[in-house]
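Reading through the structure tokens given below for one structure.
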Amino acid sequence: MLPKIMNNSPRLFIKWVNLNTPKTIPADTMKQNFDPRRHHAETQQHIGYVPRTKATQADYDRIGFMSGLEVHQQLKTKEKLFCHCPAGIYQQADDYDAELIRHMRPTLSELGEYDGTALMEFRTRKNIIYRIKNETACTYDVDDTPPFPLNREALSHAIDISLLSKLKVVGEVHITRKQYLDGSIPTGFQRTAIIGIEGEIQLKHKKVRLIQLSLEEDSCREVSDIGHTRIFRTDRLGMPLIETVTYPDFKNPDEVKEGADYIRFLNRSTGKVLQGIGSTRADVNVSCKGGTRVEIKGVSHTGWMPELTHNEAYRQWALLAIRDQLNQRIKDQASWNIFVREAKAKDFKLENFGVPKNTALKVYMVNLPQFQGIFSHFTQPGRMFADEFSDRLKVIACIEKPNMVHSEMFDDIIGEKAWMKVQTLLGSKEGDAQLIFWGPEDDIKTAIETIEERCRMAFTGVPNETRKSFEDGTTIFERVLPGADRMYPDTDSAPIPLEDAEIYEAMKRIPKLVSERIAQLIEWNVPEDTHTYLLKNNLVPALEKAEVELNVPARFTSGLLAHTLKNLQGQSPMLPDFSYDKVYDLLKFLIESKLDLSIAKRMLFQLYRHPKLDFESILTIINFNEAKEEDILAKVPFLVKKYKEIRISKDDSAGVRWVMGNLSKLATGNISLNTLSKQIKF
Amino acid sequence: MTEDIFQGYKGRALAVLQKFNARVWAKVKVESSRGIFEGTILPRAENTDDKHLVLKIFTGYNIGVDIDGITGIVELGYKKAVYKIPEKEFPYSKDKPNVKLLGTGGTIASRLDYRTGAVIPAFSPGELYGAVPELADICNLTTEKLFAVFSENMGPEQYKKLAVAIGHEIEKGIDGIIIGHGTDTLHYTSAALTFMVQNSPVPIVLVGSQRSSDRPSSDAALNLMHAATAAAHGDIAEVMVCMFGPTSDEYGFLHKGTRVRKMHSSYRSTFRTIGDTPIATVTRKGVVPIKQDYKRRRKDRNVTIMPYYEEKVTMIYYYTNMQPDVIDALVDAGYKGIIIIGTGLGHVNKPIYPALERAIAKGVAIYMTVQTLWGYVHMFVYDTGRDLMAKGIIPAENMLPETAFIKLSWALGQTSDLEKVKEIMLTPINSEITPREPYNGYLIYQGGVPEVEAFIRKFHK
């Protein structure tokens, strides 16, 4: 719950506007013997933080690690979900035909209150600018035309994936509006619909339950968000997307990744989803025992999830430790108040803090009673509690960073003397903490409210919020987590019945379950290090096809794909004419031409670079000469003899290698190298 | 009260609910051929089939369950949702102008019932203040709901009632009037009020919204603030339509009630002045006139209310190969006035001439307007036009078809003397006919032209 400070801020303001001479305290009692760096390390130890690499299930059980996923996946369709714009065409940020500006107003929830996010977004007073390219956005996208009927192609894909996820498919699809006031959707809401509820996926050691799968429209891509202006482009807006939501069944960070991978592989196994940057994004919900659900938004690599969820669970654990400390220190929280006083801007050279020169900003000093040691309390690796203020000042009050300094920074730029003066001016007492922030005059009120609000949240523990992730596994505040009452029926769209016949049709066309695919790989003795690549690219069916139709061992094909081809992909991007099917064609050619599979690797090398070449030409390029097995074997005795003449090692196996080396070029493609090596005898 | 507890369900769906004794608003567990579904039973919207049961599941989403597959429903709880818009007393301050908002039934401010999707209009000052608190910075607002009809159901009775109500408010000393109205027929009402309320000393501002106010990106709040600004502080004492200028949240236009038209079925910036520029732009900071020859605000209360209307007036949109029987049928049905919306400069084809002659002979007033919307009727240019005039069809200059229709109804409501009617029709009351068309009265630029594209890229659309 947010403290109610939207319209009762006068309390705060009267307090600092009517400021009389503050009580001064002897300067020498302040700041002494307090080492923020040491304190940070101590608090990190105190809460029992362990790095992920050293953490065990026991550690996660101790803090009550809990996590769930919302995996978003773009579908492969020709058009967008509710209009006829092409899907999947992207523009550069400055490539647009027109711009328009909108503001988002919160609408009242049924209790007559504004939803938490709504309140925050309204306070930020953002001008939202949309960039439109005629090719990719129409009047529907910018909310000037009602929706066209839902894209049936997308609906059919969503049904397939629901069935694969063992979800119960609804009898009638109801399009719902889900409010988003951050501007990422011009209507202020996302059109979304449940396709299936209550399903499950089978991981290695456990089943994870699924809450639901919805079909929804993708949002805008942000171009920038500076001060009070947030710019979006509308190319991605409206693309069909599915969201698979799990129960919070993950009990450690590795399971989160496993689950996210499974869902990703499942989606891809249909061949009906987009791959590539940004096509799969997950929101990861995390909490610890006594904590709150915090949503880490838009994680696009499953590999980042373990570190992110680990750190978030410990961040919450740290916030609970902070709460306990504050509750011990401050008994009367209702009358606890921050104390704010304007500073003379000229006393602070803001450019020393990294603020661009000549920016007309107001500077304020804030005293936070009994917050010493809270500011520099560990929250995440390399982060402390005070950082939460700075993040919120940026997001809620729209004050660009750097926007504050405080009394417990590792590298103090203010200087002890100056801090003493600040403390005197604020009438600080021992055990208090101070911060100095600055910003445009119009944003000061919101900034003060934001600081006070975050302090009060610290008394209760972990604020409900969404957080933005970084590659290093840490997160920062992004938005207040929206409430449940932001969903209502879309009066512009009629419900869509899903007949049984349609579901039966879908059941016939859906592929095997990912868990069955994994079992197949194990049965074929396909090396485990290739599994991710094969599942990610939906290549298990290709292995199966080669195995069944060409009698090529899956283990061989897996190496060709997950080692040779993957390697080639790492060296240069895949050309548009190349496709995974070509690998099957290659194998088929070898089998039909009665060539040995050993040459596949060399041919693939050429094929990848020149996908339009026919296989005969590739053979010419690599100087392949057809030779009969007996002719090759006939050369063996001569070479053995030769080796014996020149041998420098007593080891016969070196001799085998030498002979192989001499024959491999001729042999590859004509005879199995294995067979050949067995024929070399000393 | 069976209909109450099974709200909106009918046929097979109703039978299933009755069979398992499951009520709307009950939290239930439904067993069906596709599995078990849990949620709260919601009322079923009108005009939907009887094959599905609607549930709100715990995540807040709605789903439909196939009725035929249901094998059992168990009630787990019951909680009826009751919705009310929060009211906050609209603050009064002595230094602010007094504005009256007259409601016609359009949902200028409303919110949505989260569970049923029904729109609940916010109308009382308190409700409006709860939804758009900025209004209190502009004026002291009082409201009166005159009737509750959809835009398309507005008609003579409502026009007259509105005119009379406006007259009363002006007499009582109001500083400005806002009329909340659905957008579809806003320009009919604005024309009617221009003719029925003449010489008003205060602004009369009609306003609507293209996106209902339960949507975060709605234009309703801003339109309402613009209208309140124009009514409370503007100097233009005319009947005007106040709607978005561009589709962006930037400024509104004030259009003359007789020259405005809804030009797009869904855009926010749908209202355009035809054949002239709008009178002014308006933002929350104030009204900025574009034209200077408007009627100014006055202190006196000398308004003339003329609530006349003849209902036997119609419009016909001419199409190729129109047959004379169409006209004959109208005359036989007793129509006293016909507005023809003719092609080009104001033409119809020869086969209907005899019918027009018969109509004129029977004393039907026939006026010609143009399908092109922009430009004047010019019946001297071609033989067809000259023929028609000779038959007694009167060109209505550059009057918009809808305006001409309303004006003819209003004129015939006052007199059946066709000469007098003609005099009323051709004497402009507020620019329904203009003596000249300024060069910037017709601006429909087409996309794709480099200079147009450069302009569009430069300014918010």
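Here is the naming used below: chain letters follow the sequence lines, and residue numbers restart at 1 for every chain.
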Heavy-atom count around [X] [atom1] within 6.0 Å, excluding the residue itself: above 12?
X: A:Lys133; atom1: NZ; value: yes
X: B:Lys10; atom1: NZ; value: yes
X: B:Tyr92; atom1: OH; value: yes
X: A:Lys166; atom1: NZ; value: no

Name the region of [X], side chain, backbone, both or neither, that has any atom closer than 4.5 Å to a heavy atom of chain B.
X: A:Ile101; result: both
X: A:Thr187; result: both
X: A:Tyr180; result: neither
X: A:Val142; result: backbone
X: A:Ile128; result: neither
X: A:Thr145; result: both

Among A:Thr192, A:Ile175, A:Val170, which one satisfies side-chain contact (heavy atoms from CB on, under 4.5 Å) with B:Tyr61?
A:Thr192
Please assess B:Arg44 against A:Glu172 for the test salt bridge (charged side-chain N to carboxylate O under 4.0 Å, His left out), listing each intermediate value before the final yes or no.
CA-CA 12 Å; B:Arg44 182 87 174 149; A:Glu172 194 180 51; 2.7 Å; yes
Kindly say whether [Y] contributes a backbone atom to a donor-acceptor pair with the side chain of [X] at under 3.5 angstrom?
X: B:Arg268; Y: A:Asp143; result: yes
X: A:Lys168; Y: B:Ile36; result: yes
X: B:His52; Y: A:Gly171; result: yes
X: A:Arg105; Y: B:Leu222; result: no

Of the backbone (N, CA, C, O) and the side chain (C-beta and beyond), which part of B:Ile57 lies under 4.5 Å from a heavy atom of chain A, both, or neither?
side chain
Counting only non-hydrogen atoms closer than 4.5 Å, does B:Asp49 touch chain A with its backbone (N, CA, C, O), its side chain (CB onward), both, or neither?
side chain
Taking all non-hydrogen atoms of both residues into account, name the closest pair between [X] and [Y] and its distance.
X: B:Asn62; Y: A:Pro489; result: ND2-CG, 3.8 Å
X: A:Asp500; Y: B:Arg34; result: OD1-NH2, 2.7 Å
X: A:Gly188; Y: B:Pro216; result: O-CG, 3.4 Å
X: B:Phe58; Y: A:Ile211; result: CZ-CG2, 3.7 Å
X: A:Gln212; Y: B:Thr59; result: OE1-OG1, 2.7 Å

Pairing residues for A:Glu499 by the salt bridge (Lys or Arg N to Asp or Glu O under 4.0 Å) criterion, not counting sequence neighbours:
none
Please identify each residue that fulfils salt bridge (Lys or Arg N to Asp or Glu O under 4.0 Å) with A:Asp490, with sequence neighbours left out.
A:Arg177, A:Arg191
In Å, rounded to the nearest 0.5 Å, how long is the span from NE2 of A:His174 to CD1 of B:Ile63?
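If I round to the nearest 0.5 Å, the distance is 8.5 Å.
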Can you measure from CG (B:Leu55) to CD1 (A:Ile194) and round to the nearest 0.5 angstrom?
12.0 Å
Criterion side chain to side chain contact (heavy atoms under 4.5 Å, CB included) on B:His264 and A:Asp144, from CA distance to verdict
CA-CA 9 Å; B:His264 193 280; A:Asp144 267 327; 5.8 Å; no
For the pair B:Arg215 and A:Asp492, evaluate salt bridge (charged side-chain N to carboxylate O under 4.0 Å, His left out) and give the outcome as yes or no after the intermediate values.
CA-CA 12 Å; B:Arg215 305 159 70 120; A:Asp492 297 328; 3.2 Å; yes
Look at B:Ser269, B:Gly447, B:Ser217, B:Gly35 and state which one has the largest set of heavy-atom pairs under 4.5 Å with chain A.
B:Ser217
Would you please go through residues 451-461 of chain B and name the residues with a non-hydrogen atom below 4.5 Å from one of chain A, in numerical order?
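Heavy-atom contacts from residues 451-461 of chain B to chain A are B:Glu453, B:Ile456, B:Arg457, B:Phe459, B:His460, B:Lys461.
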Heavy-atom pairs under 4.5 Å with chain B, option from A:Ser214, A:Ala193, A:Ala98, A:Pro495 with the top count:
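Heavy-atom pair counts peak at A:Ala98.
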Residues forming a side-chain hydrogen bond (donor to acceptor under 3.5 Å, both in side chains) with A:Ser224, sequence neighbours excluded
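Listed in chain order: nothing, the list is empty.
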